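Along the sequence shown, residues are numbered consecutively beginning with 1. Predicted model only: the values in this text are computed from it and were never measured.
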Amino acid sequence: MSSFVTEVLASSGKLEKDDLACKISKLSRKVEETKEEVTDMINKKYIEFIPSMEGAEELLDQVESVSKDIDLLKSCIENEVQQNLHDAVTEYAKLKQQLEKNTAVIDLLQHLQEFDTAVEEYHRALQEKNYVVAAKQHGKARASVNALKAWKDTELPVVRALSSEITIQRENLIYHLGEEWQKLAVWKLPSTKTELTSVKSFLKTALHLNRGGSKGDESVPHALLPSILQALSIQGELHKKIKLFGQVLFKYMLKPLIIFPSLVVEVSSQPEQGAVLSLQCTETKADHPDPSQVYTKVLTVLKTLHEQLFDVSIDEKKVSEILGDLIWKEMSECIIRECLVHSIPANSSQLAEYSEVIKQTEDFESSLKEMGYLAGDSTDLLKYARNVNCHFASKKCQDVIVAARKLMASEMHNTVKITPEYKLSIPKLPSPSGGEKERKESCKKSAHYDQQSLENEKQLSPNTMCLPLCRISESVQQLMDLAIQTLSEAVGSSPQCAVQLFYTVRNIFHLFYDVVPTYHKDNFLKLPHLAAIQHNNCMFIAHHLLTLGFQFKPHLPLKDGVAYFVDLVPGFRRLGAQCFVAQMNVQKAEMLERLSTARNFSNLDDEDNYSVASKAIRQVIHQLRRLGKVWQDVLPVNIYCKSIGTLLNTAISELINKIMMLEILATWGRALSCCRMRFIVQP
């Protein structure tokens, strides 16, 4: 083992010695090579320096020579070439300007050529009655003139002449189109001096429709009607013509047919020439037109116009649609105002029959849509017809208020006697919601209670809650009947209509409260009879308002908490009392004024004083007698006794006060006895 290690160490030392020798030899060679290169470099630097320097000087001389040549060339460019370049640019600008002028002249000549060509084609088409081509060529000529006006030289006389010419030719084309239009629709109208207020004033109205000439007229093309309408559209005159035609059509034909039931339209066809629409008169007793008749007459006119004149499309839009847009609003308002308003039922039982009118209105609008006169799904006309419940309520409320107003403004002296047995004539109302079983149980309970009632139980008088015997105005009785009738209408109506009618009845009584005292104010103060009647009227209304609302409450769709009519009762009682108290005050004032002329009943021994006092007392007695006759048959007995007693008490109190004021009672003895006897004995 030791011998092996020794061998390894010996071999490693030997290898290191061999490597060092090799490295030293390599370094020696590199040193020699470096010495040779340094020597060559030194030789080149110092031996070849002078030739390199001479070559550099030669190159410097060449650079200076080239620089001088560059300066000469630059000077030449600045002096000669730049001047030539400026001249070239100036010449180029002149050439460009001349080119622009030449181009403008060419464009001007081109527009003039287009104008001339368009005008020639326009005249040729106009002679051939090819109005569409004429209108298009006129448009091209106008475009050429407008293009000429866009140039700077717009002041040229030729441009002004062309503008004048194109205007003249436009007016010429419109004139020819107007003549052709007049041939298509020839009106025969009433005289301008005639007042259009009756049926007879419209009997001369007629419209002759010509679709485009007869067969004998070969100069008239077959498609003349579309050509005329298309040309009018191109010139922007179609809307004006249709608008004027629609105004005349509505004023002299459609509106009279809607307003007057006796007017009908007659259509007579003429072979190869068209049709004639004329108005004729028929006998009828109707005051207002029926919707179905109105729709039929209007459709007859519009259908004939559609077949003969307006079944033409212009720019994807029918001429009938243009006419419909212009006249529909005014025509539908007229139909509503003159026809549908009057067709609204007068009572709720006829509302079911009104569905026929709604269907007729729907068919009417459908026919108009098919012909193109009407666009859209729903119009004001159809909405009005479908909203019949609301219109019925409004009309009914208006009629009720008008009738109530007439009754309030009528004379009050026409009276009727009211007895304790009087009851309002309320029609039989449908039974409120509830099962038959509940009603039977209610009847059983009431029968059970009747069996348990005592025989000797005290009963109220049948007249306990009744009005006493008195007289009221006939108009007030009619007013109350009107209110009951209106409430009965509300029972069978729709909820919205019922609520509206209910509040209309309340408005009737509010109106009575405000109108009657003002309208009859002077009569209430001057006439005791009317004051007593007004007192009874107010008490009569107040008495029935107590129970009127509860009689209709189960049948009206009103919310809980509504006061119905009970809240009006105190106001009417107060109104009647105030009116009668005011009359009592007037009577008291008259009575005291008469007694004031008795000279305080002093010195009755004197014949004149006695005569004056006696006259005053007789006047008071006459006044009381007159009031007794006036009020005895009008006022209830208790009110009559209280009022006469109050006035009599006033007179006696005044007499006693004046007598007590006398200083010497003896001078008044004879007159006192006489007056006392008269006052007591005479009624």
Please enumerate all residues that pass side-chain hydrogen bond (donor to acceptor under 3.5 Å, both in side chains) together with R506, with sequence neighbours excluded. D567
How about R386 and E362: do any of their side-chain heavy atoms sit closer than 4.5 Å? yes
Flag side-chain contact, heavy atom, 4.5 Å: R574 against Y513: yes
I'd like to check W187 versus F245 (side-chain heavy atoms, cut-off strictly below 4.5 Å). Are they in contact? yes
Using the rule given for side chain to side chain contact (heavy atoms under 4.5 Å, CB included), can you reason through K303 versus M371, listing the C-alpha separation, both sets of side-chain angles and the distance that settles it, and then say yes or no? CA-CA 8 Å; K303 185 177 181 181; M371 292 184 286; 3.9 Å; yes
Step through the shown structure and confirm whether more than 12 heavy atoms of other residues, nucleotides or ligands are within 6.0 Å of CD on Q496. no
Which residues pass the side-chain hydrogen bond (donor to acceptor under 3.5 Å, both in side chains) test with D399, sequence neighbours left out? none
From E237 CD over to I242 CD1, what is the distance, rounded to the nearest 0.5 angstrom? 12.0 Å
Identify, with sequence neighbours excluded, every residue that meets salt bridge (charged side-chain N to carboxylate O under 4.0 Å, His left out) alongside R124. E121
Rounded to the nearest 0.5 Å, what separation is found between the CG atom of L407 and the CG atom of L479? 6.0 Å
Approximate separation, where rounding is to 0.5 Å, of N536 CG and T415 OG1: 9.5 Å
Assess the residue pair F540 and L467 against the criterion (side chain to side chain contact (heavy atoms under 4.5 Å, CB included)); give the C-alpha distance rounded to whole Å, side-chain angles, the decisive distance to 0.1 Å, and a yes or no. CA-CA 8 Å; F540 175 81; L467 275 176; 3.5 Å; yes
What do the steps show when you test L184 against Q308 for side chain to side chain contact (heavy atoms under 4.5 Å, CB included), and what is the final call? CA-CA 9 Å; L184 294 175; Q308 299 293 330; over 6 Å; no
All ring pair (Phe, Tyr, Trp, His ring centres under 6.0 Å) counterparts of H239, not counting sequence neighbours: none
Sidechain-backbone polar pair: D311 side chain, E307 backbone, donor-acceptor under 3.5 Å: no
Compare every heavy atom of I533 with every heavy atom of I472, then report the nearest pair and how far apart it is. C-CG2, 4.4 Å
Rounded distance (nearest 0.5 Å) linking atom CD of Q477 with atom NE2 of H544: 9.0 Å
Identify the heavy atoms of S320 and Y373 that sit nearest to each other, and give their distance. O-CD2, 3.3 Å
Donor-acceptor contact present, side-chain S332 to main-chain L381, <3.5 Å: no
Taking it one step at a time, do H520 and M412 satisfy side chain to side chain contact (heavy atoms under 4.5 Å, CB included)? CA-CA 9 Å; H520 299 282; M412 298 180 61; 3.7 Å; yes
Quick check on K318: does its NZ atom have over 12 non-hydrogen neighbours (other residues, nucleotides or ligands) under 6.0 Å away? yes
Measure the spacing between CZ of F502 and CG of L556 and express it to the nearest 0.5 Å. 7.0 Å
Do L244 and K240 have side chains that get closer than 4.5 Å, going by heavy atoms? no
I'd like to check L249 versus L305 (side-chain heavy atoms, cut-off strictly below 4.5 Å). Are they in contact? yes
Considering non-hydrogen atoms only, spot the tightest contact between I508 and M408 and give its length. O-CE, 3.2 Å
Residues two or more places apart in sequence or in another chain: which of them pass side-chain hydrogen bond (donor to acceptor under 3.5 Å, both in side chains) with N537? S473
If every non-hydrogen atom of S201 is compared with every non-hydrogen atom of P190, which pair is closest and at what distance? O-CG, 3.2 Å
Where the side chain of K395 meets the backbone of I344, is there a donor-acceptor pair that is under 3.5 Å apart? yes
Donor-acceptor pair between E171 and Y175 side chains, under 3.5 angstrom: no
Residues 288-300, side-chain donor-acceptor partners within the protein, below 3.5 Å, at least two apart:
from : atom 1 : to   : atom 2 : distance (Å)
D290 : OD2    : S292 : N      : 3.2
D290 : OD2    : S292 : OG     : 2.3
Y295 : OH     : T361 : OG1    : 2.8
T296 : OG1    : S292 : O      : 2.8
K297 : NZ     : L257 : O      : 2.8
K297 : NZ     : F260 : O      : 3.4
K297 : NZ     : L263 : O      : 2.8
T300 : OG1    : T296 : O      : 2.7

K329 vs E333 side-chain heavy atoms within contact, under 4.5 Å: yes
Heavy-atom check, side chain of L548 versus side chain of L545, under 4.5 Å: yes
Distance (rounded to the nearest 0.5 Å) between L277 CG and L302 CG: 9.5 Å
Search all heavy atoms of I541 against all heavy atoms of M480 and return the closest pair with its distance. CA-CE, 4.0 Å
Hey, are the side chains of L501 and L487 touching, using non-hydrogen atoms and a 4.5 Å cut-off? no
Tell me whether T282 contacts the main-chain N or O of S262 through its side chain, where contact means a donor paired with an acceptor under 3.5 Å. yes
Minimum heavy-atom distance C538-F512, with the two atoms named: SG-CE2, 4.4 Å
